[in-house]
Amino acid sequence: MPSATFAKPHTGTVTLWSGTLIPTAREAPSDAESPSHILLSRAGYIRKLGAGIYDYLPLGWRVLRKVSQIVREEMDAAGATELLLPALIPTELYAGTRRDVDYGDLLFKLTDRKGGTYALGPTHEEPITELVKGSVTSYKQLPINLYQIQTKYRDEARPRSGLLRGREFIMKDAYSFHTAVDGPGGLGETYDKMHQAYSNVFKRCGLDFTPVEAEAGPIGGSASHEFMVNAESGEDTILKCPATGYAANVEKCEIGPRNAPSKGYFAGDPSGALDEVHTPGCPGIEDVAKFTKVKPQNMLKSVLFHVKSTPEQLEKFGEEYILAVVRGDHDVNEGKVRDAAGVGGIELADPAKAAAVGFAIGFISPRAARNADGSAKKGVLLLVDRDVALSYDDAANKPRFWMTGGNKKDYHVKHFNWQRDLGTDPLNATPHKPDTHPAAGLRSTDNFIIVADVRNALAGDPSPRAAGTALVTGRGIEVGHIFKLGTKYSDAMGFKILNAQQQSQSVIMGCYGIGVSRAMAASVEQNHDADGIIWPVGIAPYHVIIQTLKPEHIPTAKDLAARLGAAGIDVLIDDRDERPGVKFKDADLLGIPVRLVLGDKALAENAVEFKARNSKDKPVNIPTEQIVDHVVTALT
RNA sequence: CGGGGUAUAGCGCAGCUUGGUAGCGCGUCUGACUGGGGGUCAGAAGGUCGCAGGUUCAAAUCCUGUUACCCCGACCA
């Protein structure tokens with residue numbers, strides 16, 4: 001681990017408990033559920049003021065300042081510079097990007113006395129682009145990477161878990177500007193630097209984290225990474241390859257190759273005669289499974305997407321749909337569907353509109369992508385996951401049994417067979433090649449069908465990086481996200497400059513975020529026990545807590561604190577006239593790495609009692625003259 | 001946004017069914033005894049029962065409305 005903050009040649013802070021505000025409580029507020037929320041509340045770091053809104057008390061603010069300082073040092077070392085933008089953003093600034101609309105209700109909006117409308121910034125792409133656009137006029141001034149540490153606002157539909165998902169939170173956001181993606185000074189170079197800086201930051205914060213590949217941006221490749229703190233209580237699921245270290249979030253994770261079916265995709269005889277069953281009020285897989293006793297893994301789940309076409313595409317191709325088919329116990333992955341289809345954007349189809357085009361949502365079968373005569377419906381792509389494009393079960397050595405929708409309300413069918421029941425034999429289908437240009441839209445052909453990986457990866461799926469290795473899952477809390485934006489914002493806001501060839505070009509951007517307040521909570525999620533918090537040294541509010549057991553020991557405690565402070569150590573002196581039991585309990589709750597106790601026993605032998613919060617070892621007496629060195633060693 | 005729930009002292013809760021002087025634990029304050037893992041005893045302060053209407057001689061309690069908050073789901077750079 002890189003050098004800890006305390007080792008720097010500055011004087012540490014010394015604080016008297018009696019002079020500050022540390023309201024510890026035996027019981028947490030009833031609305032606190034997650035460990036970080038409960039412990040930070042009980043130990044007096046934060047207090048709730050409203051849904052998703054928290055006071056940062058002195059201890060909490062010290063932790064946030066320590067995290068911020070680590071972020072500053074690493075960002076500065078990576079060539080970025082700090083500034084501060086307003087939190088209050090005039091709505092006009094969103095005119096080009098339309099993000100006030102895209103963000104929707106997530107954006108806090110307010111109106112001033114003159115009727116002007118504003119937003120409380122959730123991120124700052126627009127203000128930073130506006131700033132740089134107005135002050136950078138030559139390619140010679142690029143690249144540049146600017147960051148701020150600031151309070152952000154998002155009107156979350158459901159704030160939860162204390163600091164982990166608040167409506168007001170502290171975030172570091174950085175934005176870089178370039179004239180090229182590759183090469184010296186390019187976006188890629190800064191992106192890699194940020195990746196390294198983020199790893200340094202989270203290491204110094206003492207967090208156990210995993211960088212994962214996330215949904216790729218417009219530039220493609222691994223253009224986005226999330227930094228996930230590994231914690232069981234995390235909201236996000238990540239997948240890892242134990243052999244190669246490959247890690248990705250559910251949205252992004254690829255699934256490796258598996259054995260090709262022995263007879264080929266779709267090939268094989270039916271498992272029985274097509275059998276229609278009445279399934280009243282059962283639109284969902286779970287309902288059907290319960291009602292018919294057929295396992296979800298023997299069902300085909302058909303999900304209809306609507307292609308978000310541009311007006312020009314609408315003109316040329318009409319409304320287009322994608323019918324994605326996965327196994328009943330699998331989840332369709334929207335990003336994979338979009339990429340496999342080769343279109344720019346998709347959305348779940350509206351049930352009413354789908355019904356008008358002949359899709360009974362909830363009861364769709366692959367057959368719904370065909371006309372009555374078996375020909376392909378115009379503008380409908382049938383996208384079949386590899387795990388269901390089968391008619392023969394190699395493992396069981398018999399025809400594959402499928403149940404699927406009956407294409408009319410309240411009916412399903414058993415013994416669906418791809419070759420017999422699709423309408424046209426898929427073996428004769430012309431493979432669809434998505435147009436290389438996503439904006440081109442779908443093309444209708446007679447046999448419009450693709451076999452692809454279109455579902456979310458699961459634990460046990462083959463790794464995409466190591467043959468014969470299975471993916472494993474873990475839970476995580478997203479504390480950082482780096483992203484290659486490309487020209488999305490510069491184009492939307494008309495930010496172009498002349499390059500060395502005297503040609504006007506769009507400025508290429510990257511953005512890089514760290515959830516500062518979320519990192520504090522994530523650390524507690526990861527580092528606590530039944531008694532309280534266990535801070536990593538790097539972000540602990542104080543390095544040492546000195547406890548006096550009798551008031552007459554306070555002068556001795558102050559002398560000791562001064563010696564520790566001179567060594568750059570931050571010290572909290574618990575000078576309260578409380579009983580020892582209360583003080584020990586509170587010390588454990590607060591989670592300060594080192595506890596020094598001044599009591600008659602130790603003082604009688606001219607010693608101080610030392611205990612590390614993260615150790616189960618019994619306290620040991622250290623001679624007073626050695627205590628500073630002992631603490632420094634313990635903290636390093 | 002859909003479903004479920006809660007609102008009474010700083011915190012955690014009871015009281016509401018069956019209307020009649022506002023209760024308990026923790027914490028706080030005073031005093032005494034204590035003094036190495038939330039100590040004991042004695043005393044004290046602290047609440048217009050979320051808000052607004054209504055019913056009633058009388059409402060924390062019954063009725064109507066409203067607001068806030070929590071949980072599950074949907075959503076989430």
Side-chain angles (χ1 to χ4, degrees), chain A residues 21 23-34 37-38 41-44 47-53 97 99 102-107 121-126 128 152-162 164-167 169 171-175 214-215 217 223-227 234-236 249-251 284 286 334 347-348 477-485 488-489 509-515 518 530-532 547-553 574 576-589 595-604 609 611 618-619 621:
Chain A
L21 181 65
T24 59
R26 193 185 297 230
E27 286 178 287
S30 63
D31 53 27
E33 293 210 332
S34 63
H37 192 183
I38 291 172
S41 299
R42 282 189 54 209
R47 179 159 294 190
K48 188 169 93 166
L49 195 60
I53 309 171
T97 62
R99 274 214 307 165
D102 289 351
Y103 240 84
D105 291 335
L106 216 50
L107 196 67
T123 63
H124 281 72
E125 282 82 356
E126 288 86 358
I128 193 79
K152 307 285 185 187
Y153 299 87
R154 298 178 85 179
D155 192 0
E156 289 285 347
R158 184 146 96 81
R160 67 187 101 174
S161 304
L164 287 175
R165 182 169 293 278
R167 295 196 293 173
F169 55 98
M171 180 172 145
K172 186 282 300 182
D173 50 330
Y175 305 90
E215 178 76 1
S224 174
H225 285 84
E226 292 171 347
F227 289 77
E235 284 187 341
D236 301 307
N249 67 16
V250 171
E251 287 72 41
E286 294 299 324
E334 210 173 301
E347 62 193 347
L348 274 178
I477 301 163
E478 182 189 346
V479 292
H481 196 167
I482 56 178
F483 204 87
K484 291 182 182 174
L485 285 178
K488 179 177 172 185
Y489 291 93
M509 293 172 60
C511 73
Y512 320 92
I514 290 179
R518 183 184 272 192
D531 294 317
Q547 301 198 308
T548 55
L549 295 191
K550 289 184 178 174
E552 58 261 38
H553 295 147
D574 183 357
R576 296 173 300 166
D577 185 13
E578 286 287 351
R579 295 180 62 87
V582 174
K583 295 190 147 196
F584 293 147
K585 285 288 185 189
D586 273 349
D588 288 344
L589 187 58
R595 186 186 84 192
L596 300 179
V597 178
L598 300 186
D600 288 332
K601 292 179 188 170
L603 290 175
E609 184 182 299
K611 174 153 189 341
K618 285 255 191 306
N621 286 348

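Residue numbers begin at 1 in each chain, while the letters A, B, ... track the order of the sequences.
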Reported [atom1]-to-[atom2] distance for the pair [X] and [Y], which is rounded to 0.5 angstrom:
X        : Y        : atom1 : atom2 : value
A:Asp236 : A:Asn249 : CG    : CG    : 7.5 Å
A:Phe584 : A:Glu578 : CZ    : CD    : 12.5 Å
A:Asp155 : A:Tyr103 : CG    : OH    : 12.0 Å

> Can you find a donor-acceptor N/O pair under 3.5 angstrom joining the side chain of A:Glu609 to the base of B:rG36?
Replying inline: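 Such a pair is found, so the answer is yes.
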>> Could you check whether the side chain of A:Arg579 and the base of B:rG35 have a donor-acceptor pair of N or O atoms closer than 3.5 Å, going by distance alone?
In response: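 Result: no qualifying N/O pair found.
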Taking [atom1] from [X] and [atom2] from [N], how many angstroms apart are they, rounded to a whole number?
X        : N      : atom1 : atom2 : answer
A:Leu348 : B:rC76 : CG    : P     : 11 Å
A:Glu126 : B:rA77 : CD    : C1'   : 11 Å
A:Glu578 : B:rG27 : CD    : C1'   : 11 Å
A:Lys585 : B:rG38 : NZ    : C1'   : 7 Å
A:Asp236 : B:rC75 : CG    : P     : 14 Å
A:Arg42  : B:rG27 : CZ    : C1'   : 13 Å
A:Arg576 : B:rU28 : CZ    : P     : 9 Å
A:Asp173 : B:rA77 : CG    : P     : 15 Å

Identify which nucleotide among [options] has an atom closest to any side-chain atom of [X], counting heavy atoms from C-beta outward.
X        : options                : value
A:Arg158 : B:rC76, B:rC71, B:rC70 : B:rC71
A:Arg165 : B:rC76, B:rG36, B:rG12 : B:rC76
A:Pro29  : B:rA77, B:rG12, B:rC69 : B:rG12
A:Tyr103 : B:rA77, B:rA74, B:rC76 : B:rA77
A:Phe584 : B:rG73, B:rG37, B:rC76 : B:rG37
A:Ala51  : B:rC76, B:rG37, B:rC69 : B:rC69

Under 3.5 Å for both donor-acceptor distances, Watson-Crick or wobble: does [N] have a partner, and if so which one?
N      : answer
B:rG37 : none
B:rA74 : none
B:rG65 : B:rC51
B:rA59 : none
B:rA42 : B:rU30
B:rC24 : B:rG12

Looking only at atom [atom1], what distance separates [N] and [M], rounded to whole Å?
N      : M      : atom1 : result
B:rC63 : B:rA7  : P     : 15 Å
B:rC62 : B:rU6  : P     : 12 Å
B:rA22 : B:rA59 : P     : 12 Å
B:rG38 : B:rA14 : C1'   : 24 Å
B:rG37 : B:rG12 : P     : 29 Å
B:rA60 : B:rG4  : C1'   : 24 Å

Salt bridge or not between [X] and [Y]? Use side-chain N to carboxylate O under 4.0 Å.
X        : Y        : value
A:Glu125 : A:Arg99  : yes
A:Glu609 : A:Arg595 : yes
A:Arg42  : A:Glu27  : no
A:Asp577 : A:Lys550 : no

Pick base, sugar-phosphate or nothing for [X], based on heavy-atom distances below 4.0 Å to the nucleic acid.
X        : answer
A:Ala157 : base
A:Gly513 : nothing
A:Asp586 : base
A:Lys48  : sugar-phosphate
A:Glu478 : base
A:Glu33  : sugar-phosphate
A:Asp588 : base
A:Arg595 : base
A:Asp155 : nothing

Does a nitrogen or oxygen in the side chain of [X] sit under 4.0 Å from OP1 or OP2 of [N]?
X        : N      : value
A:Lys488 : B:rA77 : no
A:Ser30  : B:rC70 : no
A:Arg26  : B:rG27 : yes

> For the residue pair A:Phe227 and A:His225, is the inter-centroid distance of their aromatic rings smaller than 6.0 Å?
Replying inline: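 Not under 6.0 Å, so no.
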